[in-house]
Amino acid sequence: GAVVSQHPSWVICKSGTSVKIECRSLDFQATTMFWYRQFPKQSLMLMATSNEGSKATYEQGVEKDKFLINHASLTLSTLTVTSAHPEDSSFYICSAREAGYSAGANVLTFGAGSRLTVL
Amino acid sequence: DAKTTQPTSMDCAEGRAANLPCNHSTISGNEYVYWYRQIHSQGPQYIIHGLKNNETNEMASLIITEDRKSSTLILPHATLRDTAVYYCIVRPFGQAGTALIFGKGTTLSVSS
């Protein structure tokens with residue numbers, strides 16, 4: 001089946017620095033990828049929809065200048081957390097639609113997630 | 001999208017069938033039922049989806065009531081590795097470019 005790879009799996013950074021998380025579709029092309037954030041003991045919260053070759057669409061309440069999303073190719077989307085602060089510490093997960101299903105099916109393949117800890 | 005209601009938690013003995021219910025009484029005609037699960041500290045995993053007929057794959061079975069207002073995900077022989085949060089999501093078919101919205105799901109605990 002389709003595989004979505006995320007890197008890094010976990011990262012620790014100092015407050016004020018920027019961190020980039022990569023999301024790659026390994027064996028299929030993804031024109032659209034989705035970024036989620038998950039705090040401990042909570043469900044996944046959609047942050048933004050990443051479209052190849054165009055600007056990302058952010059959910060209400062998500063700061064687009066803080067969470068920079070770039071989807072420069074059909075297999076790679078990146079999320080950069082700029083000027084990270086401790087409250088940005090979270091589990092970030094990306095996903096893409098699995099190409100093997102019919103065009104209208106909402107079957108998404110998820111990455112393993114990236115755990116960010118900001119000190 | 002139709003709202004779903006799931007029990008907060010369920011327990012199951014290893015080797016027994018796990019039956020996870022989901023209520024989606026406001027589901028409309030073009031909406032499918034999707035099930036995903038998330039094992040601790042991992043990304044969600046697709047399990048199964050269906051419209052109105054019962055579906056079965058290598059992971060589970062999905063039973064949808066005739067009026068489509070509720071469904072049950074069945075793990076026929078639960079193992080310890082099936083301990084996870086299970087999410088029931090209702091989405092219209094044909095919106096492949098839109099994201100899945102996750103509720104709180106059901107935490108299934110399988111014990112020996």
Side-chain angles (χ1 to χ4, degrees), chain A residues 1-7 9-10 21 23 30-52 54 56-60 62 69 71 77 90-115, chain B residues 1-9 22 24 27-53 55 57-60 62 84-109:
Chain A
V3 177
V4 171
S5 175
Q6 266 187 259
H7 178 81
S9 300
W10 57 271
I21 300 170
C23 178
T31 55
T32 303
M33 290 185 175
F34 307 100
W35 287 95
Y36 293 83
R37 178 168 57 182
Q38 186 175 34
F39 293 108
K41 298 186 178 181
Q42 294 187 23
S43 187
L44 287 80
M45 183 186 75
L46 178 66
M47 297 177 66
T49 299
S50 169
N51 298 296
E52 187 269 336
S54 64
T57 302
Y58 291 83
E59 295 298 303
Q60 190 173 9
V62 178
I69 293 174
H71 194 155
S77 176
S90 189
F91 192 48
Y92 293 87
I93 309 168
C94 71
S95 70
R97 184 173 68 84
E98 192 162 336
Y101 291 87
S102 59
N106 281 299
V107 178
L108 297 182
T109 300
F110 289 80
S114 299
R115 187 165 302 281
Chain B
D1 298 344
K3 178 182 171 61
T4 62
T5 303
Q6 299 179 251
T8 302
S9 63
C22 179
H24 32 79
I27 193 170
S28 61
N30 69 334
E31 289 183 314
Y32 278 63
V33 180
Y34 297 83
W35 283 84
Y36 285 75
R37 73 179 182 183
Q38 185 180 24
I39 295 171
H40 182 63
S41 294
Q42 297 183 23
Q45 175 189 26
Y46 164 78
I47 300 173
I48 200 168
H49 74 283
L51 179 63
K52 56 182 178 180
N53 297 319
E55 302 287 345
N57 63 20
E58 64 278 6
M59 289 183 67
L62 174 61
V85 179
Y86 287 77
Y87 298 98
C88 169
I89 302 170
V90 171
R91 289 289 281 169
F93 190 84
Q95 294 187 0
T98 58
L100 294 172
I101 305 301
F102 289 80
K104 296 182 178 180
T106 296
T107 298
L108 175 67
S109 299

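Each chain gets a letter, A, B and so on, in the order the sequences are listed, and its residues count up from 1. As the structure is a computational prediction, the values presented were derived from the model and not from experiment.
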For this session: For A:Tyr36 and B:Gly43, indicate whether the former's side chain and the latter's backbone hold a donor-acceptor pair under 3.5 Å.
Result: no
Seminar exercise, completed: With chain B, the option among A:Gly111, A:Ala112, A:Cys94 that has the most non-hydrogen atom pairs under 4.5 Å is A:Ala112
Exercise. Do the side chain of B:Tyr36 and the main chain of A:Leu108 share a donor and acceptor less than 3.5 angstrom apart?
Worked result: yes
Exercise. Side chain, backbone, both or neither: which part of A:Gln38 has a non-hydrogen atom closer than 4.5 Å to chain B?
Worked result: side chain
Seminar exercise, completed: Turns out that what part of B:Ser41 lies under 4.5 Å from chain A's heavy atoms comes down to both
For this session: List the steps, then state whether side chain to side chain contact (heavy atoms under 4.5 Å, CB included) holds for A:Ile93 with B:Gln38.
Result: CA-CA 12 Å; A:Ile93 309 168; B:Gln38 185 180 24; 3.8 Å; yes
For this session: Enumerate the residue pairs fulfilling salt bridge (Lys or Arg N to Asp or Glu O under 4.0 Å) with a member in residues 34-46 of chain B, sequence neighbours excluded, ordered by first and then second residue.
Result: B:Arg37-B:Asp82
Problem set entry | A:Ser50: side chain to side chain donor-acceptor pair (under 3.5 Å) partners, not counting sequence neighbours | A:His71, A:Ser77
Exercise. Could you go step by step and tell me if A:Phe34 and B:Phe102 meet the ring-ring contact (aromatic ring centres under 6.0 Å, His included) rule?
Worked result: CA-CA 13 Å; A:Phe34 307 100; B:Phe102 289 80; over 10 Å; no
